[in-house]
Amino acid sequence: MGVDIGDLLQRRTIEVSDLSLNTVAIDAFNTLYQFLSIIRQRDGTPLKDSQGNVTSHLSGILYRMTNIVEAGVKPVFVFDGKPPEFKSSTIQKRTEVRENAKAKWAEAKEKGLAEEAYKYAQASAKVDATIVEDSKKLLAAMGIPYVDAPSEGEAQAAYMVKKGDADRIASQDYDSLLFGSPKVVRNLTVSGKRKLPKKNIYVDVKPELIDLQENLDELGIDQSQLIDIALCVGTDYNDGIEGVGPKTALKLVKEHGNIERILQEKGLEIENLDGIKEFFKSPPVTNDYSLKWNKPNSSEVINFLCTEHDFSEDRVTKALERLEASSGSGQSTLDKWF
DNA sequence: CCCCCTGA
DNA sequence: TCAGGGGGG
């Protein structure tokens with residue numbers, strides 16, 4: 001998922017506290033997908049309430065947002081709108097992969113292959129309309145703002161950073177760099193260690209910051225050429241050139257200057273090339289949003305999570321106390337700045 | 001993913 | 001105090 005240019009990029013590890021007082025635009029789709037695929041029981045089943053509704057994303061939002069708000073971060077979720085026409089084959093492919101994974105999950109479960117089952121369970125995760133609706137409901141009750149993008153969320157988030165309404169984008173994907181976001185944070189989490197699935201290995205997972213301009217300088221290319229590299233490798237909107245990975249793409253772009261000349265040289269074509277380039281450079285965005293962080297509406301959160309979705313009231317109340325102490329206009333350290 | 005308890 | 005394991009919904 002997303003564009004595979006990570007190998008080309010330098011990043012520096014940071015602490016969440018380095019993002020204190022920063023407004024961080026969170027790629028909602030990416031984050032929710034992450035929650036849905038990772039927050040699971042050992043057999044691969046996601047967390048569910050007694051009615052069978054998936055609740056993994058709600059758990060993820062409650063605890064992670066509480067943690068980062070406590071660290072002084074001001075999060076805003078940015079949701080996807082209508083995808084561009086040229087994304088349809090990617091979307092279709094994802095659906096097929098997901099359906100296939102569902103079948104393989106059932107098959108592996110039947111055969112008692114735990115590791116296989118878990119892997120395919122994760123690949124079956126889907127951010128559907130209910131997941132999005134639930135997430136927005138919880139965020140609103142927690143006092144955390146969200147924005148509805150007209151098209152791609154990462155494009156909207158990049159616009160907000162460029163405009164100065166946000167300081168960083170949080171996403172595991174690199175696509176927002178193609179939309180020109182100056183700073184991207186990966187691994188936005190407070191907990192330091194993560195257990196590798198089914199292995200007794202713990203890896204340190206620290207947030208990392210990728211600075212767009214620093215990377216362009218280091219690679220000796222400009223923003224347009226970064227987009228061209230992505231187009232060579234393949235994006236959500238095109239298939240890329242066969243046999244060309246990020247390193248070759250960089251070499252080709254530096255050698256030929258741009259993707260048009262590379263394609264000409266190789267006698268190849270990319271469907272909709274001009275339209276896709278234009279989409280990365282000036283995607284549909286909106287100014288129709290307001291960023292306001294409020295105190296959590298505790299009874300609303302408790303009603304939604306505990307009454308409707310069977311969360312433990314003790315745990316939710318504890319999280320809400322932490323959130324309330326550090327959120328909205330109430331935090332004295334924030335008051336000094338706003 | 002995260003919380004929470006346990007044992008050293 | 002903190003790594004490790006179990007469970008969360």
Side-chain angles (χ1 to χ4, degrees), chain A residues 1 13 15-17 19 24 26-71 73 75 77 114-115 117-128 130-135 137-139 141-142 144 170-173 185-208 296 298 300-327:
Chain A
M1 203 173 293
T13 53
E15 304 291 333
V16 175
S17 56
L19 300 172
V24 178
I26 297 178
D27 177 358
F29 177 86
N30 185 266
T31 302
L32 295 178
Y33 181 79
Q34 217 79 17
F35 286 152
L36 291 175
S37 67
I38 290 164
I39 302 177
R40 280 165 192 270
Q41 304 170 79
R42 271 184 261 103
D43 67 351
T45 317
L47 300 187
K48 289 178 187 173
D49 62 22
S50 54
Q51 318 250 352
N53 304 302
V54 171
T55 55
S56 297
H57 56 303
L58 300 177
S59 178
I61 290 171
L62 176 71
Y63 296 119
R64 187 182 290 178
M65 288 308 110
T66 298
N67 282 337
I68 69 165
V69 168
E70 200 168 44
V73 173
F77 271 64
E115 205 167 329
Y118 197 94
K119 188 177 78 186
Y120 288 118
Q122 283 192 306
S124 309
K126 178 174 197 239
V127 180
D128 62 20
T130 310
I131 299 285
V132 168
E133 204 180 312
D134 283 352
S135 300
K137 205 166 162 186
L138 177 58
L139 288 167
M142 288 174 73
I144 294 167
S171 177
Q172 297 303 99
D173 289 348
V185 174
R186 300 182 77 243
N187 307 333
L188 180 64
T189 161
V190 177
S191 77
K193 285 192 167 179
R194 178 164 71 194
K195 191 176 183 293
L196 288 180
K198 296 287 152 193
K199 287 180 186 158
N200 283 324
I201 303 168
Y202 281 81
V203 223
D204 257 330
V205 183
K206 284 243 170 124
E208 56 187 35
S298 296
E300 215 170 288
V301 173
I302 288 171
N303 183 55
F304 182 55
L305 291 182
C306 305
T307 312
E308 287 185 43
H309 293 297
D310 302 325
F311 276 62
S312 143
E313 197 160 334
D314 273 3
R315 286 188 177 206
V316 173
T317 304
K318 212 165 282 181
L320 280 169
E321 280 166 3
R322 292 201 290 133
L323 185 62
E324 183 151 36
S326 49
S327 71

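For clarity, every value in this text was computed on a predicted model and none was experimentally measured. Chain letters run A, B, ... following the sequence lines, proteins first, then strands; residues in each count from 1. Reckoned from all heavy atoms, side chains included, excluding hydrogens, waters and symmetry mates.
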Enquirer: Between the side chain of A/Gln122 and the main-chain N/O of A/Ser37, is any donor-acceptor distance below 3.5 Å?
Expert: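 A pair under 3.5 Å: yes.
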Enquirer: Tell me if a side-chain donor or acceptor on A/Asn187 pairs with a main-chain N or O of A/Lys206 at a distance below 3.5 Å.
Expert: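 Answer holds: yes.
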Enquirer: Please state how far atom CG in A/Asn187 lies from atom P in B/dC2, giving the value in whole angstrom units.
Expert: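 It works out to 10 Å between those atoms.
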Enquirer: Taking any strand in view, what nucleotide pairs with C/dT1 in a Watson-Crick or G-U wobble way, both distances under 3.5 Å?
Expert: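 In the structure as shown, C/dT1 has B/dA8 as its Watson-Crick or wobble partner.
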Enquirer: Within the 3.5 Å criterion, strictly below it, is a donor on A/Glu308 or A/Asn53 matched to an acceptor on the partner's side chain?
Expert: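 Distance-only check fails for A/Glu308 and A/Asn53.
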Enquirer: Give the minimum heavy-atom separation between A/Tyr118 and A/Gln41, together with the two atoms involved.
Expert: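 What the structure gives for the nearest pair is CE1-O, 3.2 Å.
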Enquirer: Rounding to a whole Å, what distance do you find between A/Arg64:CZ and B/dC1:P?
Expert: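 After rounding, the gap between these two atoms is 8 Å.
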Enquirer: For C/dG7, does OP1 or OP2 lie under 4.0 Å from any side-chain N or O of A/Arg42?
Expert: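 Answer yes for this pair, as a side-chain N or O of A/Arg42 is under 4.0 Å from OP1 or OP2.
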Enquirer: Just the rounded figure in Å: distance from P of B/dC1 to CG of A/Asn30.
Expert: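 A/Asn30 atom CG is separated from B/dC1 atom P by 14 Å.
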Enquirer: Looking at every strand, decide which applies to A/Ser59 at a 4.0 Å heavy-atom threshold: base, sugar-phosphate, or nothing.
Expert: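 Base, at least one base heavy atom under 4.0 Å.
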Enquirer: Within the sub-3.5 Å range, which N or O atoms of nucleotides 3-5 of chain B have a protein N or O partner, and how far apart are they?
Expert:
{"unit_1": "B/dC3", "atom_1": "OP1", "unit_2": "A/Arg322", "atom_2": "NH2", "d": "3.0"}

Enquirer: Roughly, in whole Å, what's the span from CD1 in A/Ile61 to C1' in C/dG9?
Expert: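 So the CD1-C1' distance, A/Ile61 to C/dG9, works out to 15 Å.
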Enquirer: Side chains of A/Asp310 and A/Ser50 only: does a donor on one sit below 3.5 Å from an acceptor on the other?
Expert: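 On atom types as modelled, these side chains qualify, holding a pair under 3.5 Å.
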Enquirer: Atom CG of A/Asp310 and atom C1' of C/dG9: how far apart are they, to the nearest Å?
Expert: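 That distance rounds to 6 Å.
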Enquirer: We want to know whether A/Ser312 and A/Asp314 form a side-chain donor-acceptor pair, criterion being a heavy-atom distance below 3.5 angstrom.
Expert: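 Side-chain D/A pair, A/Ser312 to A/Asp314: absent.
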Enquirer: Using a heavy-atom cut-off of 4.0 Å across all strands, would you classify A/Phe311 as base, sugar-phosphate, or nothing?
Expert: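 The residue A/Phe311 makes sugar-phosphate contact but no base contact.
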Enquirer: Provide, to the nearest angstrom, the distance between the CG atom belonging to A/Asp43 and the C1' atom belonging to C/dG9.
Expert: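 That distance rounds to 13 Å.
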Enquirer: How long is the line joining CD of A/Glu308 and P of C/dG9, in whole Å?
Expert: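 Taking atom P of C/dG9 as the reference, CD of A/Glu308 is at 15 Å.
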Enquirer: So do the side chains of A/Glu115 and A/Tyr120 get within less than 4.5 Å of each other, counting heavy atoms only?
Expert: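 The answer is no, as the side chains (C-beta and beyond) never meet within the 4.5 Å cut-off.
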Enquirer: Under 4.0 angstrom, heavy atoms only, what part of the nucleic acid is A/Ser56 near: base, sugar-phosphate, or nothing?
Expert: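 The answer is nothing, as A/Ser56 stays clear of every strand by at least 4.0 Å.
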Enquirer: Can you check the A/Leu188 CG to B/dC1 P distance for me, whole Å?
Expert: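 Result: 12 Å.
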Enquirer: Ignoring the backbone of A/Ile39, work out which of C/dG9, C/dG8, B/dC2 is nearest its side chain.
Expert: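 Among C/dG9, C/dG8, B/dC2, the one nearest the side chain of A/Ile39 is C/dG8.
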